Amino acid sequence: MGITLPDTVYQVLTPEGQVVGEVPHLPPGRMVELYRWMVFGRAFSDRMVALQRQGRMGTFGPLNGQEAASVGIAAPLQAEDWLVGSYREILSYFIKGVPPLAIMEVYRGYVSARYPWEARCLPIQIVLATQVLHAVGLAMAIKYDGKPDVAVGVCGEGATSEGDFNEALNFAGVFKAPAVIVVQNNCWAISVPRSAQTAAGYIAHRGPGFGVPGYIVDGNDVLAMYQVMADCVARARAGEGPSLIEALTYRMGAHTTADDPRKYRPEGEMEEWSKRDPISRFRKFLLDQNMLSEQEDRQMAEEITTEIQGVVEALESRPAQDPNQLFDNVFETATPQLESQRSEMLLRNARTLGKE
Ligand SMILES: Cc1ncc(C[n+]2csc(CCOP(=O)(O)OP(=O)(O)O)c2C)c(N)n1
């Protein structure tokens with residue numbers, strides 16, 4: 001087969017922002033655009049956590065620390081390519097064309113929340129690893145249709161212990177599906193560390209076992225992620241089959257707003273990873289290359305705050321979700337059990353409202 005086990009970590013920028021690899025040929029404006037998305041992702045995530053703490057948003061999983069991987073996954077994709085991810089991939093979804101308002105609506109419980117068809121993203125997946133099967137299914141559909149598109153499936157390292165992940169890789173390998181499977185290895189699956197997830201040195205090592213090339217990438221280096229992703233997407237598009245990418249990154253926030261990582265994270269780990277922060281690394285590179293100035297950076301941050309505030313205002317100007325509609329989209333014709341749950345909830349709501 002000629003596929004060997006990957007053992008080197010692909011990197012373009014060191015944590016200090018020094019160039020150690022080949023910089024992708026991107027115009028300066030595009031580089032700044034990638035950076036803006038990273039800053040936007042962190043600001044959006046922070047705002048979602050703040051809103052949740054104020055009782056204005058449902059449970060949310062922050063993406064802090066994973067901005068480079070998220071941007072590198074989506075930026076090389078074309079409009080017709082599909083992207084299927086979990087709750088951690090919302091920044092990749094934004095780049096693909098899902099409006100931030102639609103994501104806020106999802107987390108606020110609006111059942112009417114929809115992504116535009118043109119974004120080519122399936123709803124964010126909560127059931128671990130199933131999205132990888134969906135991505136390979138989409139890739140097979142693309143292949144049957146003879147289209148030049150690619151389907152990308154993204155999951156966390158915890159999800160790789162699910163059968164679905166391995167079945168998806170096997171199927172993709174056997175049928176040469178035009179798919180790219182990306183694992184965001186952020187070191188933790190809630191409180192389970194990466195070391196307890198697999199005895200293998202790297203998750204990317206699993207690829208060759210399925211006849212799929214595997215790549216290990218510094219997931220906090222947006223340029224490295226961009227380049228490896230672009231190469232794998234190009235190969236899939238050219239009919240050369242699937243790839244597996246492992247992005248080495250770190251979840252700097254809690255698993256979700258319902259989690260407290262202080263209970264399980266070893267002391268000093270967060271500090272160590274803070275030194276590899278993906279945003280400060282890329283900012284340093286852009287400043288050094290004169291692609292961005294301190295003044296432009298500050299202005300960008302202010303614009304992003306205003307933009308996100310506008311999204312929050314649009315969300316909060318909507319009438320509240322009618323709880324009765326929660327049951328409408330489960331089946332075409334609601335089952336008797338569902339109808340009984342609906343009646344029970346409406347009765348409870350009426351009683352609660354009556355007491356107020
Ligand atoms: C099939 C399934 N089992 C368990 C869960 C509960 N659960 C939600 S997130 C999570 C950890 C996921 O970790 P990882 O795949 O590494 O992704 P991360 O949250 O770190 O991005 C678990 C066990 C679930 N959502 N789906």
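Bear in mind that the values here come from a model prediction, so they are computed numbers and not experimental data. Counting starts at 1 for both ligands and their atoms, in listed order.
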Answer yes when [X] and [Y] have at least one side-chain N-carboxylate O distance shorter than 4.0 Å, and no when they do not.
X	Y	result
Glu33	Arg36	no
Arg206	Glu246	no
Lys284	Asp288	yes

query: Which pairs pass ring-ring contact (aromatic ring centres under 6.0 Å, His included) with one or both residues in residues 104-133, sequence neighbours excluded?
result: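 Applying ring-ring contact (aromatic ring centres under 6.0 Å, His included) to every pair that reaches into residues 104-133, excluding sequence neighbours, yields Phe60-Tyr107, Trp82-Trp117, Tyr93-Tyr115.
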- prompt: Are the aromatic ring centres of Phe40 and Phe94 under 6.0 angstrom apart?
  reply: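 Yes, close enough.
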- prompt: Asp81 pairs by salt bridge (charged side-chain N to carboxylate O under 4.0 Å, His left out) with which of Lys147, Lys96, Arg237?
  reply: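 Among the candidates, only Arg237 passes.
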task: Write out the protein residues near ligand 1, meaning a non-hydrogen atom under 4.0 Å from one of its atoms, in order of chain and number.
output: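 Ligand 1 pocket, heavy atoms under 4.0 Å: Tyr87, Arg88, Ile126, Val127, Leu128, Gly156, Glu157, Gly158, Ala159, Glu162, Asn186, Trp188, Ala189, Ile190, His255.
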